[in-house]
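Below you'll find the structure, written out as structure tokens, and then a few comments.
Proteins get letters first, then strands, A, B, ... in listed order; numbering begins at 1 in each.
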Amino acid sequence: MTNAGIELPVTKDFDLAQTLNCGQCFRWNTQPDGSYLGIALGHVLHIIETDRTVLLADCTEQEFRQIWCDYFDCNFDYGQVRDTLAHCDPVLAQAARFAPGMRILRQDPWETLVSFIISQNNNIPRITGIVDRLCNLFGESLGEFSSFPTAERLANLTENDLAPLRSGFRAKYILSAAQHVASGNVELAALRTMSIDEARQKLMTIHGVGPKVAECALLYGLHRLEAFPMDVWMKRAMATLFPNKTPTDFGEYAGIAQQYIFHYSRNNPQLFENSKQTVAIK
DNA sequence: GCCCAGGTATAAA
DNA sequence: TTTATACATGGG
């Protein structure tokens, strides 16, 4: 392997570990040397982070412009958003300081939708395993990785075909998503310009997509930053940290706000240990 | 064995 | 309309 590639400066606004390990993506593997090897948008990439730079190894200028610049949302000023959110609430300010380098990736909508269907009532190591098996079995080989299988490929399969994934009750949900997307009933690209309510309703026509998965697909897959994928766990944290606030109070960056809070709360469980039961938030 | 995992569909109250 | 339970699987 040569040392050629694209070097990005390490700044307070871009931290690889915070971004890739916060649960928004499932196809980046930490290597023994601390670097990341993964695949996104059909491209394999090796990322080596040092004190001063993030090296996208063997990445050409053209590939960076066409793929990774957009994927890592390089042209968006997360520092400014972080400052804006920090002014909303002191606890949110603390949460933002805790993970200042977290970014919302611009992932493939279809892959993201399926990944978060798989994520329901599941844990990250197992989600990763199921996604890996899905790609290896039905995707196309790209060196040491396999691409994420298309909706068209999966739409013709049966639950029995998906048995090797060991995805449990989620297999039929994956097939429903594939059929809706392949048939054009759910047109993912159109969800970018639809109102957030319409887009959420459209996604929920898929069997196995409820409010949480729909919101995750909108935030992580379609970069709708106003989406707020609150789950049971998050509601608990929210109720404790922000008893008088709703997601809309955080405006168009609600999703980013939640990522900060989620990360912060998970790593500081003592902050909400007194709220044992789920509390609904409007 | 028991509990839980960034939920959802379905039945029952 | 709100609340309870099953759902597949595997790690801690």
inquiry  = Using a 4.0 Å heavy-atom cut-off, does A:Phe262 contact any base of the nucleic acid, only the sugar-phosphate backbone, or nothing at all?
reply    = base
query = Are A:Arg27 and A:Phe145 in a cation-pi contact, defined as NZ or CZ under 6.0 Å from the six-membered ring centre and within 45° of the axis?
reply = no
task = Would you mind classifying the nucleic acid contact of A:Tyr220 as base, sugar-phosphate or nothing, using non-hydrogen atoms under 4.0 angstrom?
result = base
note = With the side chain defined as heavy atoms from C-beta on, A:Arg266 is closest, among C:dC7, B:dA9, B:dG6, to B:dG6
ask   = With a 4.0 Å cut-off on heavy atoms, is A:Gln258 in touch with a base, just the backbone sugar-phosphate, or nothing at all?
value = base
request  = Please name all residues satisfying side chain to side chain donor-acceptor pair (under 3.5 Å) with A:Thr158, sequence neighbours left out, ordered by chain then number.
outcome  = A:Asp161
note = Rounded to whole Å, the CG-C1' distance (A:Asn122 to B:dT8) equals 13 Å
inquiry  = Both A:Asp231 and A:His207 contact DNA chain B. Which one's nearest nucleotide lies toward the 5' end?
reply    = A:Asp231
Euclidean distance for C1', C:dT2 against B:dG6 (whole angstrom) = 23 Å
Rounded distance in Å - CD (A:Gln24) to P (B:dG6) = 15 Å
message = When you compare the side chain of A:Ile6 with that of A:Leu55, does any pair of heavy atoms fall below 4.5 Å?
response = no
inquiry  = Mind checking if A:Arg166 touches a base, just sugar-phosphate, or nothing, with heavy atoms under 4.0 Å?
reply    = sugar-phosphate
message = Using whole Å, what does the distance between atom P of nucleotide C:dA8 and atom CZ of A:Phe169 come to?
response = 7 Å
ask   = Are A:Tyr220 and A:Phe116 close enough that their ring centers fall under 6.0 Å?
value = yes
message = Give me the distance, rounded to whole Å, that separates B:dA11 from C:dA8 when you measure between the P atoms they each carry.
response = 15 Å
request  = Give one of base, sugar-phosphate or nothing for A:Pro229, where a contact means two heavy atoms less than 4.0 Å apart.
outcome  = base
task = Using a heavy-atom cut-off of under 4.0 Å over every strand shown, decide if A:Gln259 touches base, sugar-phosphate, or nothing.
result = base
query = Could you state the CD1-P distance from A:Ile118 to B:dT8, rounded to the nearest angstrom?
reply = 14 Å
request  = Describe, in one word, how the ring planes of A:Tyr173 and A:His207 are oriented to each other, choosing from parallel (under 30°), tilted (30 to 60°) and perpendicular (over 60°).
outcome  = perpendicular
ask   = Looking at the side chain of A:Asn121, which of C:dC7, C:dT9, B:dT8 is the nearest nucleotide?
value = C:dC7
request  = Whole angstrom is fine here: how far is it from CG in A:Leu113 over to P in B:dG7?
outcome  = 16 Å
ask   = For A:Lys172 and C:dA8, is the shortest distance between a side-chain N/O and OP1 or OP2 below 4.0 Å?
value = yes
inquiry  = If you only use heavy atoms from C-beta on, which nucleotide in C:dA8, B:dT10, C:dG10 is closest to the side chain of A:Asn123?
reply    = C:dG10
query = When the distance from CG of A:Asn267 to C1' of B:dG6 is rounded to whole Å, what number comes out?
reply = 14 Å
task = Whole angstrom is fine here: how far is it from CG in A:Leu175 over to P in C:dA8?
result = 13 Å
ask   = With sugar-phosphate meaning primed atoms plus P, OP1 and OP2, does A:Ile117 contact a base, only sugar-phosphate, or nothing at under 4.0 Å between heavy atoms?
value = nothing
request  = Looking at every strand, decide which applies to A:Gly208 at a 4.0 Å heavy-atom threshold: base, sugar-phosphate, or nothing.
outcome  = sugar-phosphate
request  = Let me know the distance between CG of A:Asn160 and P of C:dA8, rounded to the nearest Å.
outcome  = 14 Å
inquiry  = Restricting to non-hydrogen atoms, name the atom on A:Ile48 and the atom on A:Ala57 that form the minimum distance, rounded to 0.1 Å.
reply    = CD1-CB, 4.3 Å
